[in-house]
Amino acid sequence: MDEKFLKPYDPGATEVRVYNEWEKSGYFNPDTLPDADVKESFTVVLPPPNVTGVLHLGHAYEDSLQDSIIRFNRMRGKAALWIPGTDSAAIATQARVEKNIQKEEGKSRHDLGREELVRRVGEFAKESEETILSQVRRMGASLDWSRYAYTLDDTRNKAVFTAFKRMYDAGLIYRGNRIVNWDPKGQTTISDDEIVHEERTATLYTFKYSKDFPIPVATTRLETKVGDVAVAVHPDDARYKEFVGKTYDVVFCDVPLSIRIVADTEVDPEFGTGALGVTPAHSQIDWDIATRHDLPKDRIVINEYAKMTAQGRVSGLKVGDAREAVAQWLREEGLLLAEESISQNVSTAERTGGIIEPLPKLQWFVGVDTPFVIPYSEIPGIKSGDTVTLKEVMRAAVESGAVSMPQENFKKIYQHWITNLHDWCISRQIWFGHRIPVWYRGTEVVCQEEAPEGDGWTQDCDVLDTWFSSSLWTFSTLGWPEQTEDLKKFHPTSFMSPAYEILPLWVSRMILMSGFHLGQAPFKTVMIHGLVRDAKGRKFSKSLGNGIDPIEMIDKYGADALRMGLLAGAAVGSDIRFDESKVKGYKNFANKLWNIARYVLTETEGVDSTTPLTKADTALRSELNAILEDVAGDYENYRIHLAAEKMYHYAWHRLADEIIEDSKTVLAGEDIEATTSRKALLHGLLADVLLGLHPCMPFVTEEIWGSLKPNAPFLMISQWPPSSSVE
RNA sequence: GGGCGGUUAGCUCAGUUGGUAGAGCAUCUCAUUGACGUUGAGAGGGUCACAGGUUCGAAUCCUGUAUCGCCCACCA
C-alpha cells in the first residue's frame, strides 16, 4: 500500500496533480475517448463568465453542477463535450476599465480615444481571462480546452457578422427612430432587461396649460410638458367628450404649444384627472398615442445629458430643476391645481444607477413580431418554409418540448416573458465589443464586414449588445457559420444550466438565435439553478463585503469538499445558502473515504477477482447495485443533491460503519471461503462507491481509484454500470 | 399592476407517482489506544404557516388566508 494512506488525505498535494494527469490524457476532448466515433454525444457549453474580474461562488456552483453532469454522462458511455469560453461583456467590461482609468489617471474615455480605450479594455480582458480560467481548472472542471472560445475571437466575430447580416437581409434587423432607454450617466442606450425599477415617492402635479384650457392634467414629469402636443382622454369619458378633436394654442412656461384633444382607449379615466398630457418624444406610451393619432413626434425638449433644450425659463436646466421651475411658474400663474405625493417606480440603469430618460433615437433593433419565411426548421410545430415571427419560434421551441424545462414554474415565467416582449434594441453607444457592420455614405447604407469600395464610407459607430454574441454561443462555439463536423455532431446541445436571473436575457435569446439561424433548439434541457447566497441568505455583493473567494475555500478544504458543499443539500433551482461548516464536513468525508481506502487496501492485498461471493456477501453486493441504479436515475434527472447525499450516506454509514465493522469479525475468523469472499466484496464495494461519487468528488475518488486499481484506466472514463471486477 | 415561488427539527435544507415525517450541522449521554478523533454507539427535538375541501389515507392534490421573497411592467 502506498505510504500516502498512512497520513490524512491532503487535497492540496493531490488535486492539481490529478487535474494535470486528466488534462494530459486528452479525455476532456470527446474525440479522443475510447470508441469516440460510435458514441452518442452529450454536449454542454459553459455559460461564459464575463472577463470583468475573478470567479465567485456562483461560478463555482455552476461549474460543479455542470461538471457533475458531464462526468456522469462520460461514465455512461457518451461522447461528453463541455466547451469552455469567456464573454467580453461589452458594457460591463468597458465600464470597469473606464472606472479604473478615471481613478488612476484621471482621464475619461474621450481623452484616450476609441482605439486606445479598446486596446486597454482588451488588455484587461486578457488578464482576467487567465485568472478565471485557472480558477475554473481548480474546481476540477472537465472542460475541453482545445475548443476554448472567446466572444471576440476570429471565429466568433465571423459568427456575429454572419448572424447580423442574415437577419438584416431577412428584414429582422432594422434601424429605426424609437423611444429607447437612454442612460444619461452611462451615455448609452440600454435594453429593457438592464433596467432596475426603484420605488420612490414623487409629486403628482395637477395643472392646466393655461387659464382657459378646459381639461386639467396630472403628471409627475412636469418639465416634459413643454414638449406636449396633445391631451389624451378616454373615448367614453363623458367629462371631456365635447372637447375631443379641438386644438388649443397656449403659451406654457414661455413656450408656445399647440395642444390637440384626442381620444385613446389606453388612457385610464380613473387615474389623476383622467387626462394625459402627450409628450411623444419623452415617453413610450405617448409616442404610441402620437403614432395612432398622427401627431408630431419630433418635439424634443430634453437632451442626452438630461438637460432641457426647450426655450424660455427652463432652458439648459437639469430635468429635476426644470420640474421645480415649471411648478413655480404654474404657482405664479395660478394654474397649479393640486400637488399630491405618490409612490412611483423609477427606471434606473442597472450598471450605472442613472435615471433612465426615454428618448427617441436612431437605433438598431431585432424585430420579434416581424414575419419572415424560415428556411429550415426542426422545431416541432414550425415547418421549413413557414411564415413565422421570432416570437412564435421562441414560443414553439418550449411549448413543443424541443427545449424541455422540467421545472414547470420557469416554463411559465418564460412564456409570460415572451408575451410581453418588445423589439430588442441591440445597439450600444460604447466602444468595446462587436462594431455594427453597417456602412453609410450619404443616403447609401450597406451591411458588410469591411468598408465598401470607394471613398467616403463611414462605419456605424455603435457596438452590439453583448447578449447578441452570447446568444449565438451554443453554435458559434462549434464553428458556425462553417458547417463543421462539430456542429453536426454536438448541436443541439444537451443541457444548459444558467441562473434564473438570465432566463430572459440569455436563455430565451439563445432560443431565438438558434431557431432563426439553424432551425433548431439550442439545447434539449434547461435546468435553471438558484443563486448562492451567504449564510444569512443575502446576495453576495461588493458593498456588503460578504464575498467569499472559492479559491480560498479550495485551499482550505479542497475542491471536492467545496463541490459537495454546493451540490448537496439543495435541489437545483432553489437558492443555496453557503455554509462554510458544511464544506468542512465534506472535507472530513473525503478523509473518511481515504481511511476506508486505507483499510480496504490493507485487508485486500492480492485479492482474487474471480472469487465467488458467499450468499451474505452477494446480498451486500446487490444492495449497492440497487443504490447505484437509483443514484444513476438521480443524476439522469438532475437530482444531483440526492445522488450526492445517497452516496455519502452509503459510504459513511453503511459501508464504513456497518459493513467494514462487520468485516473485522469475518476477516478474523477461520472460514477461508468467507474471508476470501469478503475481501473481494470490500474491494468491489469501494470501487463502486468511488464510481458513484466521482461526478461530485472527482479528485479524491480518482486518487483512491489509482491505488485500488493500478492497472485500470482513469475512473473518469470508467463505465457505469460497472463490471464489478477486481484488477 | 401582472406573474412565479417559499413557509417541514434550534439552524440549513431533503422529501421523485398521496401510504406511519428524513439528513447534515448544533445539543445531550456514553465509548476509546481499533482504517479514520476529520472517530464510534445512542438520545432528545416537528399540529409539515393557518383554515377549509377531495380521499380509506394529505407535508404531498384542490380552494382560500397570512407571511416572506423573486421576476416582469410604457399608469401618466
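Screening residues 553-572 of chain A for salt bridge (charged side-chain N to carboxylate O under 4.0 Å, His left out), with sequence neighbours left out, gives A/Asp67-A/Arg563, A/Arg138-A/Asp555, A/Lys556-A/Glu580.
Looking at residues two or more places apart in sequence or on another chain, you find a side-chain contact (heavy atoms from CB on, under 4.5 Å) between A/Ser471 and A/Trp424, A/Arg509, A/Met510, A/Met513. Every side-chain hydrogen bond (donor to acceptor under 3.5 Å, both in side chains) that A/Thr291 has, sequence neighbours left out, goes to A/Lys297. For A/Tyr648, the ring pair (Phe, Tyr, Trp, His ring centres under 6.0 Å) partners two or more places apart in sequence, or in a different chain, are A/Tyr586, A/Phe589, A/Trp652. Residues satisfying the salt bridge (Lys or Arg N to Asp or Glu O under 4.0 Å) criterion with A/Lys208, sequence neighbours excluded, are absent altogether. For A/Ala571, the side-chain contact (heavy atoms from CB on, under 4.5 Å) partners are A/Ser574, A/His641, not counting sequence neighbours. For A/Arg533, the salt bridge (Lys or Arg N to Asp or Glu O under 4.0 Å) criterion is met by A/Asp575, not counting sequence neighbours. Taking A/Asp630 as the reference, A/Lys646 meet the salt bridge (Lys or Arg N to Asp or Glu O under 4.0 Å) condition, with sequence neighbours excluded.
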List the atom pairs, with distances to 0.1 Å, where a side-chain N or O of residues 279-287 of chain A and a protein N or O form a donor-acceptor pair under 3.5 Å, not counting sequence neighbours.
residue: A/Thr279; atom: OG1; partner: A/Lys225; partner atom: NZ; Å: 3.3
residue: A/Thr279; atom: OG1; partner: A/Asp228; partner atom: OD1; Å: 2.5
residue: A/His282; atom: NE2; partner: A/Val301; partner atom: N; Å: 3.0
residue: A/His282; atom: NE2; partner: A/Ile302; partner atom: N; Å: 3.4
residue: A/Ser283; atom: OG; partner: A/Ile285; partner atom: N; Å: 3.4
residue: A/Ser283; atom: OG; partner: A/Asp286; partner atom: N; Å: 3.3
residue: A/Ser283; atom: OG; partner: A/Asp286; partner atom: OD1; Å: 3.3
residue: A/Gln284; atom: NE2; partner: A/Asp288; partner atom: OD1; Å: 3.2
residue: A/Asp286; atom: OD2; partner: A/Thr279; partner atom: N; Å: 2.7

Item to check | Protein proximity profile, nucleotides 16-22 of chain B - base contact B, sugar-phosphate-only contact S, no contact -, cut-off 4.0 Å on heavy atoms | outcome: B------

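Taking atom OH of A/Tyr557 as the reference point, atom P of B/U38 lies 14 Å away to the nearest angstrom. Following rounding to the nearest Å, A/Gln415 (CD) and B/C4 (C1') show an atom-to-atom distance of 14 Å. Rounded to a whole Å, the CH2 atom of A/Trp417 is 18 Å from the P atom of B/C4.
Nucleic acid contact for A/His641: sugar-phosphate only, since backbone atoms but no base atoms lie under 4.0 Å from a heavy atom of the residue.
Within the structure, every side-chain polar atom (N or O) of A/His653 is placed at least 4.0 Å from both OP1 and OP2 of B/G40.
Look at the P atom in both B/A14 and B/C61: the space between them is 15 Å, to the nearest Å. Annotation: B/U60 and B/U17 have their C1' atoms spaced 11 Å apart (nearest Å). Atom C1' of B/C62 sits at a distance of 7 Å from the matching atom of B/U54, rounded to the whole Å. For the C1' atoms, the distance from B/A51 to B/A66 is 10 Å, rounded to whole Å. Only the P atoms considered, B/G5 is 29 Å distant from B/A23, to the nearest whole Å.
Other residues, nucleotides and ligands place no more than 12 heavy atoms under 6.0 Å from the CD atom of A/Glu629.
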Next on the checklist: Pairs counted only when both distances fall under 3.5 Å, Watson-Crick or G-U: show me the 5' to 3' dot-bracket for RNA chain B, [ ] for pseudoknotted crossings and | for other-strand partners.
Outcome noted: (((((((..((((.....[..)))).((((((....).))))).....(((((..]....))))))))))))....

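Using modelled atom types, no side-chain atom of A/His293 and backbone atom of A/Ile261 make a donor-acceptor pair closer than 3.5 Å.
For the segment residues 266-275 of chain A, the set of residues with a heavy atom within less than 4.0 Å of an atom of RNA chain B comprises A/Val267, A/Asp268, A/Phe271, in numerical order.
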